[in-house]
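Everything below concerns the one structure shown next.
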2 protein chains.
Amino acid sequence: MVQNTQPRPRGRPRAYDRQQALAQARDAFWQAGFAATSMDDLSAATGMNRPSLYAAFGDKQQLYLELLERYIVAANQAIAVEFEQDQPLARTLTRFYRYALALYLPEEGPPRGCFLTGTAVSEAAANPQVREKLLTGLSGFTRALERRLRRARDEGEIEAQADPAALADIASAVLHSLAVRARAGDSRVALNATIKTAIGLICGSAQRRNARRASHA
Amino acid sequence: MVQNTQPRPRGRPRAYDRQQALAQARDAFWQAGFAATSMDDLSAATGMNRPSLYAAFGDKQQLYLELLERYIVAANQAIAVEFEQDQPLARTLTRFYRYALALYLPEEGPPRGCFLTGTAVSEAAANPQVREKLLTGLSGFTRALERRLRRARDEGEIEAQADPAALADIASAVLHSLAVRARAGDSRVALNATIKTAIGLICGSAQRRNARRASHA
DNA sequence: AGTGTTTTGTACCATATTGAACAATATTTA
DNA sequence: TAAATATTGTTCAATATGGTACAAAACACT
């Protein structure tokens, strides 16, 4: 059997776990936003001291951009897995929005919305790097939705004349709205009602009844 | 004729115009966000020195909350004026979204999106006062849309079985999406396509053709 | 044990930021 | 012209923040 244990690195071992520290830094940014989170906050959140933070992740902006990238990649992977499933469109979209909402409304603590819309949007106007990553992330989600809707159209799940790109725009808009409204403190009931309405509208006349009378809080 | 000139106040006259200073402070926040805007930035933007800023508007948060309030009131007034017009729903919605987009994409300078979603959303998770005002503002817009859609239904502009609250949710979602995507740097063409799609979808089967084939960038 | 290597943790510096104190200034009123 | 009043502009203190230098610590290798 091949030796699969890596040779341990030379010097003093790290006192932190890189993945865990990144997640903790992300949560700190997620709560307070980029500008309002200081290196001291990040130090406290990760348990690392500042020199270690700089050595491991560069300065605050580098770390933040890295976290944006990771969030986008993870979201795209989760979406890809879900959209590859051989499930009805309505069910897939329901799971898609429910998964997002679970992320936006954690069990404990204040509602936080989406990491991208909750923290990157405010920086985007003044910071081109953040703006670029944000747009890349958002349009990636939209394209994934469009591919799934195209498949739904090709397989006869929605009307043959439906425009996948147009419907993906609406489906994305609902996601953006959930992200904003969740962080704004809107109720879970109201957000779920929006999800129901959106799915009814997107999935077409077969589901039109739901679109008309989704329960509202 | 009654004397309508106010008696001038006692001491040294103000060197600034209050309304103008508020607008300049708002634009500073709008560009960089709340946390990234310092009192010095506000001082530079308004031309006032910091002691005058404190005397006139209180601390940074007080000033910001005041600006949120004014933005919400102004938007509600503009919406009320527009929605009172005796115009077809599709035309009203078109003007509504175009007006928003003009605000989000100024002629000069980087795209800025909506003042609420662009600056208040990031603060909302950690700041209950901002969160409350944000939710109030957003749900006010949604209610105005709902009233207009109810009128459209009652007057036969859209199907009698349509649910105004549900459609208002979608119409709001599109507004939120425009706000986010504009600040993220998405193209004017793409945003206009989303507007067309949304209006086609909301206004129902009479406009269904537009919903299917709105041009995409 | 001793040496080299990497990380940690303390200490430090320069600057940014908030907030207020206070004298100077510009105006109205007596 | 003098007094009262309100704002301006300078100055200052206290703290926050970003970023780094450097010695101590913890490991691998010889």
Side-chain angles (χ1 to χ4, degrees), chain A residues 3-22 24-26 28-68 119 122-123 126-127 129-130, chain B residues 3-22 24-26 28-29 31-67 119 122-123 126-127 129-130:
Chain A
Q3 187 113 351
N4 63 354
T5 58
Q6 299 283 341
R8 298 184 61 178
R10 265 311 189 90
R12 177 171 175 169
R14 290 202 177 90
Y16 61 89
D17 177 75
R18 187 180 172 88
Q19 304 303 318
Q20 183 181 333
L22 285 169
Q24 287 163 328
R26 182 204 58 198
F29 279 128
W30 204 332
Q31 164 136 41
F34 172 77
T37 304
S38 70
M39 291 302 287
D40 271 340
D41 293 333
L42 294 169
S43 175
T46 59
M48 301 166 63
N49 44 35
R50 273 181 298 153
S52 294
L53 275 175
Y54 280 102
F57 308 120
D59 64 13
K60 198 171 89 161
Q61 166 146 334
Q62 271 183 273
L63 169 56
Y64 179 65
L65 289 170
E66 165 79 19
L67 292 172
L68 284 183
T119 70
S122 70
E123 306 304 316
N127 189 326
Q129 294 189 67
V130 171
Chain B
Q3 186 114 353
N4 63 354
T5 58
Q6 299 283 342
R8 299 184 63 179
R10 267 307 192 86
R12 177 172 175 171
R14 290 201 176 91
Y16 59 90
D17 177 75
R18 186 181 174 88
Q19 304 303 317
Q20 184 181 333
L22 283 169
Q24 288 162 328
R26 182 204 57 199
F29 279 129
Q31 165 135 41
F34 172 77
T37 303
S38 69
M39 291 301 287
D40 270 339
D41 294 331
L42 294 169
S43 175
T46 58
M48 300 166 64
N49 46 32
R50 274 178 297 142
S52 294
L53 275 175
Y54 281 105
F57 308 119
D59 63 14
K60 199 171 88 161
Q61 164 144 336
Q62 270 184 274
L63 169 57
Y64 179 66
L65 289 171
E66 165 79 18
L67 292 172
T119 69
S122 70
E123 306 304 316
N127 189 326
Q129 293 189 67
V130 172

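Every value quoted in this text rests on a predicted model; they were computed, and no experiment measured them. Residue numbers begin at 1 in each chain, while the letters A, B, ... track the order of the sequences.
Computed from coordinates, the Leu53(A) CG to dT20(D) P distance equals 13 Å when rounded to whole Å. Atom-to-atom, CG of Leu63(A) to P of dG18(D) comes out at 12 Å; the value is rounded to the nearest Å. In this structure, NZ of Lys60(A) is placed 15 Å from C1' of dT15(C), rounded to the nearest angstrom. In this structure, Arg14(B) places its CZ atom 9 Å from C1' of dA6(D), rounding to the nearest Å. What separates CZ of Phe57(B) from C1' of dT7(D) is a distance of 13 Å, to the nearest Å. Atoms CZ (Phe34(A)) and P (dT17(D)) sit 13 Å apart, rounded to a whole Å. The CG-P distance, from Asp41(A) to dT17(D), rounds to 7 Å in whole Å. If you measure from atom CG of Leu42(B) to atom P of dG19(C), you get 12 Å, rounded to the nearest angstrom.
Not a single donor-acceptor pair under 3.5 Å links the side chain of Lys60(B) to the backbone N or O of Leu42(B).
Contact annotation: Asn49(B) reaches the phosphate of dG9(D) (side-chain N/O to OP1 or OP2, under 4.0 Å). Between Ser52(B) and the phosphate of dT8(D), there is a side-chain N or O to OP1/OP2 separation shorter than 4.0 Å. Checking the phosphate oxygens (OP1, OP2) of dA25(D), no side-chain nitrogen or oxygen of Arg12(A) falls inside 4.0 Å.
Between Phe34(A) and Tyr64(A), the two ring planes are tilted [angle within 30° to 60°].
Using a 3.5 Å distance cut-off with no hydrogens or angles, the side chains of Asp40(A) and Ser43(A) do not pair a donor with an acceptor. Checked by atom type, the side-chain pair Ser52(B)/Asn49(B) shows a donor-acceptor distance below 3.5 Å.
For Arg10(A) against dT6(C), a side-chain-to-base donor-acceptor contact under 3.5 Å is absent. Judged by distance alone with a 3.5 Å cut-off, no donor-acceptor contact links the side chain of Arg50(A) to the base of dG9(C).
Position along DNA chain C of the nearest nucleotide to Pro9(B) versus Tyr54(B) favours Tyr54(B) as the more 5'-ward residue. Map Gly11(B) and Gly11(A) each onto its nearest nucleotide of DNA chain D; the residue landing nearer the 5' end is Gly11(B). Nucleotides of DNA chain D nearest to Pro13(A) and Asp40(A) differ in position, and the one nearer the 5' end is that of Asp40(A).
If you check every strand for non-hydrogen atoms under 4.0 Å, Pro51(B) touches a base.
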* Verify side chain to side chain contact (heavy atoms under 4.5 Å, CB included) between Met48(B) and Tyr54(B), making sure each step is shown before the conclusion. => CA-CA 10 Å; Met48(B) 300 166 64; Tyr54(B) 281 105; over 6 Å; no
